[in-house]
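Input: a single structure, listed below in structure tokens.
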Amino acid sequence: MRELPVSNLTEAIRNAFIEANYTLPEGIRRAVIRAKDRETSPVCQAALQSNIDNWETAYRESLPVCQDTGIAVLFLEIGQDVHFVNGDFREAVEEGVRRAYTEGYLRCSVVQDPLRRKNTGDNTPPILHVTITAGDRVRIIAAPKGFGSENMSALRMFTPAATKEEIEDFVAETAIRAGSNPCPPILVGVGIGGDFEYCACLAKKALLRDPMTDNSDPFYREMEQTITQKINAAGIGAQGFGGTQTVLGVHIEPFPTHIAGLPVAVNIGCHATRHITVIL
Ligand code: SF4
């Protein structure tokens, strides 16, 4: 059994959220550059260039890539041979988020109660997804999530009789209905299968995939390409200025499901879909 002081977790989460907000994953940067190369509209090309200038400035000046520094989404994969010591696990995680957002001068966007809406002042609590894995390591994925894109997401419980085309249309229509709200170019995370809540989690996890890598399953790769074409054909373009490159990637995550159901969730990510992985 490997003993791990919870203070290590706090420190790692603090640093991860600051860095995640100041930098973009390389795959997203490359996908935006690819979109600019493919775009035919000069206005959208200029909008994509402003995205590039923005992240370069953010990196150079140690500033957040976007003013919406997000709700703190954390995926923690904890090895079964890890024993957290010297404190409370949950408090240590929250302290890491608290320190990231206060010491890193990141906008605090979380309200304590969804209806009474008083800001917690330190961006806690985070959205925490924990899985137990083999080994004695802890994998931390810190993914600040802005709500311009989150608000455009959708979930639908299809019946098993639904066709592949109906699912493609649902995903494409969700992204098209979003228009310029999620700050396109967008990433489209799609969960298919599981149950009601797990399907949404799959869609969020799908946003972590590098948009420059293809789906390894040819069946889903073809679906992703079809959906991408449908969305791009709507002509939304970067920031909604009317162009050919609305989507950086459509990523599908399937999972076994019940014989009587077919859940499909769509989680929209913007051009500033930030995440960083740290191993302890
Ligand atoms: S959708 Fe993304 S780029 Fe737009 S404001 Fe929100 S976090 Fe920023």
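Atoms within a ligand are numbered from 1 in the order they appear, just like the ligands themselves. Quick caveat: nothing in here was measured; it's all calculated off a predicted structure. In what follows, residues are counted from 1 in the order of the sequence shown.
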Distance only, no hydrogens: is a donor on one side chain within 3.5 Å (strictly under) of an acceptor on the other, for Gln245 and Asn232? no
Only heavy atoms of His271, strictly under 4.0 Å: list the atoms of ligand 1 that pass. 3 (S)
Main-chain N/O of Thr244 paired to Glu39 side chain as donor or acceptor, under 3.5 Å: yes
Of all the non-hydrogen atoms in the protein, which one sits nearest to atom 7 (S) of ligand 1, and at what distance? Arg274 NH2, 3.3 Å
Side-chain donor-acceptor contacts of residues 66-76 below 3.5 Å, not counting sequence neighbours, with atom names and distances?
| from | atom 1 | to | atom 2 | distance (Å) |
| --- | --- | --- | --- | --- |
| Gln67 | OE1 | Arg107 | NH1 | 2.6 |
| Asp68 | OD1 | Gly70 | N | 2.9 |
| Asp68 | OD2 | Phe147 | N | 3.0 |
| Thr69 | OG1 | Arg107 | N | 3.0 |
| Thr69 | OG1 | Arg107 | O | 2.7 |

Listed once per pair and sorted, the side chain to side chain donor-acceptor pair (under 3.5 Å) pairs that draw on residues 75-92, sequence neighbours left out: Glu77-Arg139, Arg90-Glu94
Counting only N and O atoms by type, is there a donor-acceptor contact under 3.5 Å from the side chain of Asn54 to the main-chain atoms of Val65? yes
Using the side-chain hydrogen bond (donor to acceptor under 3.5 Å, both in side chains) rule, take Asn15 and Glu19 through it: C-alpha gap first, then chi angles, then the decisive distance, then the call. CA-CA 6 Å; Asn15 295 340; Glu19 192 178 341; over 6 Å; no
Count of N, O or S atoms belonging to protein, less than 2.8 Å from atom 8 (Fe) of ligand 1: 1
Can you sort out the partners of Glu197 under salt bridge (Lys or Arg N to Asp or Glu O under 4.0 Å), two or more places apart, ordered by chain and number? none
